[in-house]
Each structure stands twice: as C-alpha cells, then as structure tokens.
Undergrad: 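Following this message is one structure expressed as structure tokens.
The shown structure was predicted, so the numbers you read here are calculated from the model rather than taken from an experiment.
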Amino acid sequence: MWWIISIVAALIGTGGGLAIGFKGSQHRFKQRQEETDKQIKKAKQEADKILNEARKEAREALDKAAAEEEERRAATKQHTDRLEKREKKLDEKQEALEKRQEELKQREAEVDKAKQVVYEIREQQEDKLQKISKLTKKEAAEKLHQMVERDIRADLQGLIAKLQNDAKAQAEDSARAILIGAMERIASETVAERTITSVKIDNEDIKGRIIGKEGRNIQALQKATGVDILVDDAPGVIVLSCFDPIRREVARQTLEMLIKDGRIHPARIEELLAKAQKQVQKEVVKAAEDAAREVGIVGIPPAILQLLGELRFRTSYGQNVLKHSIEMANIAGVLAEQIGADVHVCKYAALVHDLGKALTHKMEGKHHHLSGEMLRKYGVAEAVAHAAEAHHDDVEATTIEAVVIRVVDAVSAARPGARNISAENFVERMKTLENIANGFKGIEKSYAISAGREVRVFVKPGDLDDLQSIQMARDIALKIESMMNYPGTIKVTVIRETRAIEYAK
C-alpha cells in the first residue's frame with residue numbers, strides 16, 4: 001500500500017507544483033501583456049503625434065502653395081493688364097498716325113496746287129517783265145549778275161582776304177606749335193662732314209714707306225682698297241679719296257694699322273685689309289642696331305640693317321645720313337602722336353627713308369625709289385615702304401604717314417647748320433625764284449628775300465585787280481613747286497598798290 005501512497009503523494013506534489021507553476025506563468029503573462037499594452041499605447045500616441053505633425057505640415061504646405069498660386073495669378077493678371085493697355089495705346093497711336101498721314105497727303109496736294117499757281121504767276125510776271133523791259137530771261141539774268149557782281153566785288157575781295165588770313169593764321173599757329181614741340185624734344189648736334197678722309201702722321205718719313213720701292217706699296221694699297229691715296233698734297237696728313245664711304249673707311253683703318261704696325265709691304269697690306277673689313281662690318285651692324293634701338297624699332301630684316309648701317313658713312317650736303325634718319329624718326333614719332341597717325345609706321349619709314357643712298361653707287365635710279373624697292377624686296381610692310389618712297393614729290397603721298405615723312409624730312413634738312421650749301425647754289429636758287437615770278441604777265445618787279453624762303457612780287461595795279469592778284473600768288477606758288485626742289489616752304493607775297501601823285505606849284 002505504501003507504494004500507492006507514494007504514487008498518490010507524488011501525483012499530489014506534481015499537481016501542486018504544476019498548479020503553482022501555472023499560476024506563476026499566468027502572473028508573468030499578465031505582466032507581459034500589460035507591458036505590451038503600454039508599448040502599443042505609447043506607439044499609438046507617437047503615431048498620432050507624427051500624424052498630427054504631418055497633417056499640420058501638409059496644411060501649411062497647401063496654404064503656402066495656395067498663396068504662391070494667388071500671387072502668380074495676381075502677377076499674371078497685372079502683366080496681362082499692362083499688355084492690354086499697351087495694345088490699346090498702340091492702337092491709338094496707329095490711328096493717330098494714319099490720321100496724320102491722311103492730313104499730310106491733303107497738305108501735300110494743297111502745296112502742289114499752290115506751287116502750280118506760283119509757277120503760273122511767275123511765268124505771267126516774267127512775260128510781263130520781258131514785254132516791259134524788252135529783254136529775254138537770259139539777258140535779264142546776265143545783266144542782274146553783272147550788277148550784283150559789281151556791287152559786291154569789293155565785299156568779296158575783303159571777305160576772301162579775311163578768310164585766307166584767318167585760315168593761314170590758324171594753320172600756321174597749329175603747325176608751328178606741333179613742329180616746335182617736336183623739334184624741342186628731339187634736338188641733335190649740327191653735322192658737317194666731308195667726302196674725303198684724312199689720316200694724320202707724326203713723321204713725314206712714313207710717307208716714303210707707304211709709297212714703297214717704285215711705288216709698289218701704295219699701288220698695292222690702292223688696288224686692294226679701291227681708294228685714291230694722296231700722299232704729297234698736304235704736310236702731316238695723307239688724304240684718302242673715294243666716292244664709296246665704306247671703302248674709304250676700310251682704307252683709313254687699314255692705313256692706320258699699317259702705320260702703327262710699321263711693317264708695310266703687300267702681304268701685310270692684304271692681311272690688315274681683311275682685318276679692317278671685318279671691323280668695319282661690325283661697326284656697320286652695330287650702328288644700325290644702335291639706331292634701331294634708339295628709335296624703338298625691332299624686327300628689321302638683316303639685309304635692311306646692313307644698308308642702314310652703311311648710311312653711317314654717307315653724307316648729304318655735309319649732313320650725316322644715319323643721324324639725319326634717326327633725327328627724322330624721333331620727330332616723326334612726336335608728330336604722329338599729335339595728329340593721330342601710326343607711330344610705328346612713321347618711325348620705321350623715317351629711319352629707312354634714305355636707304356637707297358647706300359646703293360646709288362651700285363644701282364641705277366633715284367635713292368627714294370631704291371629705298372621702296374629694297375623694303376618691298378625684304379618683306380617690310382607696304383605702309384612703311386610707301387611712306388619711305390614718297391618722301392620726294394615725284395611719288396604721290398597717299399597716306400598720312402607718307403605726308404608726315406615729307407614734313408619731317410624737310411624739317412631736318414632745313415634746320416640751321418644741318419647742311420652745307422655752296423654760295424653758287426644759293427645764288428642760283430635766288431635767281432631761279434625771281435625768274436619764275438617775272439615770267440608772269442603784269443609783274444612790275446620781284447625780289448627773293450629771307451635766304452630764298454620768301455618771294456615778294458609787285459604787280460602793275462592797272463593790269464591786275466585784287467582778285468587777280470590773289471590768283472597770281474597761287475599760280476606762282478604752284479609753278480615754284482613744279483620747277484624747284486627745296487627743303488621747307490617758300491612764301492609768295494603779291495603786292496598791289498595804287499599811288500596817286502600830284503605836284504603843287
């Protein structure tokens with residue numbers, strides 16, 4: 001029985017344990033259920049809060065969009081109203097223009113009718129005048145023209161003289177201010193060089209050594225250099241004479257090196273001649289580069305630089321051609337700035353305008369034509385080539401830069417002391433000026449004054465009137481321009497005076 005009691009007891013214990021465990025499980029389940037309910041409630045509250053905020057933001061966005069739409073509608077309506085007003089105004093203006101056009105057409109028709117009436121009246125009056133005066137229309141016009149010309153002739157003469165004087169005064173003042181300003185800024189030394197070269201010697205005995213036995217040394221020197229060597233013309237000097245200044249300079253340096261070396265014989269002459277030629281070539285290139293650098297021109301072709309450097313040894317009426325070109329380039333740059341011309345073209349053309357003078361002993365033709373030919377040959381711009389070629393009157397100056405080159409060439413050449421002109425040439429020029437003036441009819445006498453810068457012409461008052469005297473001055477000036485070459489300008493003054501002479505007895 002005991003095992004039955006044990007089993008029952010075990011069952012009772014197990015049932016009690018299960019009951020207690022079940023009860024505990026129910027309690028834990030209940031707690032979990034409560035926590036779950038709390039979390040669900042909290043989640044619902046948060047969801048409601050989020051939903052409310054979303055609804056609020058949605059309402060605000062809708063309100064904002066509605067406000068913006070309202071503003072756009074208002075702006076569109078305002079723009080539409082303005083367009084409608086403009087269209088209305090345009091329609092009104094169109095109507096007014098059409099109305100004005102109709103009025104103008106009517107007025108034109110009225111004016112045409114009035115013109116026709118005036119023409120008819122004038123024809124009737126002309127017919128009446130012709131019948132009264134017994135003159136045709138052409139005869140009446142000629143007579144009226146003669147009367148008017150006679151009445152206003154004196155006034156016209158005075159007006160012409162006044163206008164000419166005013167124009168000349170203004171032009172002269174402006175030109176004088178520009179030229180003086182340029183010349184003051186660009187000052188250069190007065191140049192007076194000769195076409196022969198002298199070499200000083202300290203001892204007369206050196207002349208015999210230069211001549212050599214039976215003249216072999218001097219003959220070899222003259223043959224090698226192409227220069228005439230005059231030994232016995234003047235004491236203390238040896239004179240070198242040659243039309244080519246480059247050869248003359250080479251001969252001078254060769255002779256000086258021979259005298260300094262003391263060994264004078266044909267072989268030594270050839271050796272030192274080659275050395276002198278190299279030295280002169282360096283001086284030629286250096287002179288050209290210095291000149292280009294001084295006036296601010298770069299990119300000159302080497303062949304043009306060679307010819308430009310050779311101008312250092314050439315003179316024109318005693319004026320060094322390279323210094324003359326540099327002076328011209330500087331003045332041309334100043335003038336170009338004043339009048340609005342191309343400064344680079346003016347300076348470049350002025351620097352190379354006399355390039356042909358380095359070739360006149362080698363090529364035929366006038367030096368300014370040779371200058372233009374060489375510049376074009378070596379690819380210099382046409383504007384520069386034309387301005388350089390046109391600095392003399394036989395080539396028409398078609399650009400303002402070419403005119404500037406003519407002006408500065410005359411300024412540089414006419415500068416006091418710039419050139420040496422012989423007395424014979426001066427007298428010949430004065431006579432030529434007077435002969436040109438005396439060649440016109442009605443001339444009583446003429447005088448060339450101010451070193452040939454002015455010609456004063458006295459006319460016969462009975463043969464010419466004032467208007468004819470004005471025309472005479474212009475004709476004389478044109479003839480001087482066509483017949484003479486001269487630097488600067490020549491003033492022509494025609495004087496007409498009437499003298500009444502009576503004697504009291």
Undergrad: Listed by chain and number, what are the side chain to side chain contact (heavy atoms under 4.5 Å, CB included) partners of L104, not counting sequence neighbours?
TA: R100
Undergrad: Would you compute the distance between atom NZ of K479 and atom CG of L433 and round it to the nearest 0.5 angstrom?
TA: 12.5 Å
Undergrad: Return the CZ to CG distance between R496 and L464, rounded to the nearest 0.5 Å.
TA: 7.5 Å
Undergrad: List for me each residue that meets salt bridge (charged side-chain N to carboxylate O under 4.0 Å, His left out) alongside R252, sequence neighbours excluded, and say none if there are none.
TA: E249, E256
Undergrad: Which residues satisfy the side-chain hydrogen bond (donor to acceptor under 3.5 Å, both in side chains) test with N438, sequence neighbours excluded?
TA: S446
Undergrad: What pairs meet the salt bridge (charged side-chain N to carboxylate O under 4.0 Å, His left out) rule with one or both residues in residues 295-307, with sequence neighbours excluded?
TA: none
Undergrad: Measuring from L351:CG to E327:CD, what's the distance to the nearest 0.5 Å?
TA: 13.0 Å
Undergrad: Between the side chain of H324 and the main-chain N/O of V321, is any donor-acceptor distance below 3.5 Å?
TA: no
Undergrad: With sequence neighbours left out, write down each residue that passes side-chain hydrogen bond (donor to acceptor under 3.5 Å, both in side chains) with R406, or none if nothing qualifies.
TA: D393
Undergrad: Would you say the side chain of T399 lies within less than 4.5 Å of the side chain of D342, judging by non-hydrogen atoms?
TA: no
Undergrad: Output all residues satisfying side-chain hydrogen bond (donor to acceptor under 3.5 Å, both in side chains) with H344, sequence neighbours left out; order by chain, then residue number.
TA: none
Undergrad: Quick one, V404 with I339, criterion side-chain contact (heavy atoms from CB on, under 4.5 Å). Give me CA distance, side-chain angles, the key distance, then yes/no.
TA: CA-CA 9 Å; V404 170; I339 64 176; 3.5 Å; yes
Undergrad: Does I470 reach the side chain of V494, with side-chain heavy atoms less than 4.5 Å apart?
TA: no
Undergrad: Taking all heavy atoms of K347 and all of G333, pick out the closest pair and write down the distance.
TA: CG-CA, 3.7 Å
Undergrad: Under 3.5 Å, which donor-acceptor pairs link side chains of residues 278-307 to any protein atom two or more places apart or in another chain?
TA:
from, atom 1, to, atom 2, distance (Å)
Q281, OE1, Q306, NE2, 3.2
Q281, NE2, Q306, OE1, 2.6
E283, OE1, Q253, NE2, 3.4
E283, OE2, Q253, NE2, 3.1
K286, NZ, D290, OD2, 2.9
D290, OD1, R293, NH1, 2.8
Q306, NE2, E310, OE2, 3.1

Undergrad: Looking only at non-hydrogen atoms, find the nearest pair between D463 and G442 and report the distance.
TA: OD2-CA, 4.1 Å
Undergrad: What's the spacing between Q468 CD and K441 NZ if we round to 0.5 Å?
TA: 12.5 Å
Undergrad: Which salt bridge (charged side-chain N to carboxylate O under 4.0 Å, His left out) pairs, counting each pair once, include a residue from residues 377-390, with sequence neighbours left out?
TA: R376-E382, R376-E389
Undergrad: Tell me every residue that passes side chain to side chain contact (heavy atoms under 4.5 Å, CB included) with K491, counting only those two or more places apart in sequence or in another chain.
TA: E454, T493
Undergrad: Can you tell me if CD on E103 sees more than 12 non-hydrogen neighbours from other groups inside 6.0 Å?
TA: yes
Undergrad: Answer yes or no: is there a side-chain heavy-atom contact under 4.5 Å between Y348 and V380?
TA: yes
Undergrad: Checking E444 now: which residues fulfil side-chain hydrogen bond (donor to acceptor under 3.5 Å, both in side chains) with it, not counting sequence neighbours?
TA: none
Undergrad: Could you work out, with side chain to side chain contact (heavy atoms under 4.5 Å, CB included) as the rule, every residue matching Y447, not counting sequence neighbours?
TA: K445, I449, F458
Undergrad: Within the side chain of S371, is there an N or O that forms a donor-acceptor pair under 3.5 Å with the backbone of G356?
TA: yes
Undergrad: Rounded at 0.5 Å granularity, tell me how far CD1 in I405 sits from CD1 in I400.
TA: 11.5 Å
Undergrad: Please evaluate residues L308 and L355 with respect to the criterion side-chain contact (heavy atoms from CB on, under 4.5 Å), reporting the C-alpha separation (whole Å), side-chain torsions for both, the decisive distance (0.1 Å), and the verdict.
TA: CA-CA 6 Å; L308 182 63; L355 208 66; 4.1 Å; yes
Undergrad: Answer whether the closest heavy-atom distance between the side chains of D354 and H391 falls below 4.5 Å.
TA: yes
Undergrad: How long is the span from the OG1 atom in T254 to the CD1 atom in I269, to the nearest 0.5 Å?
TA: 9.0 Å
Undergrad: Does a side-chain heavy-atom distance below 4.5 Å link K115 with V111?
TA: yes
Undergrad: Any chance you could lay out the side-chain contact (heavy atoms from CB on, under 4.5 Å) test for M472 and I443, step after step, and finish with the verdict?
TA: CA-CA 10 Å; M472 176 70 70; I443 303 300; 4.1 Å; yes
Undergrad: Output all residues satisfying side chain to side chain contact (heavy atoms under 4.5 Å, CB included) with A390, sequence neighbours left out; order by chain, then residue number.
TA: H386, V395, A397, A402
Undergrad: Just by distance, do the side chain of N320 and the backbone of R312 share a donor-acceptor pair under 3.5 Å?
TA: yes
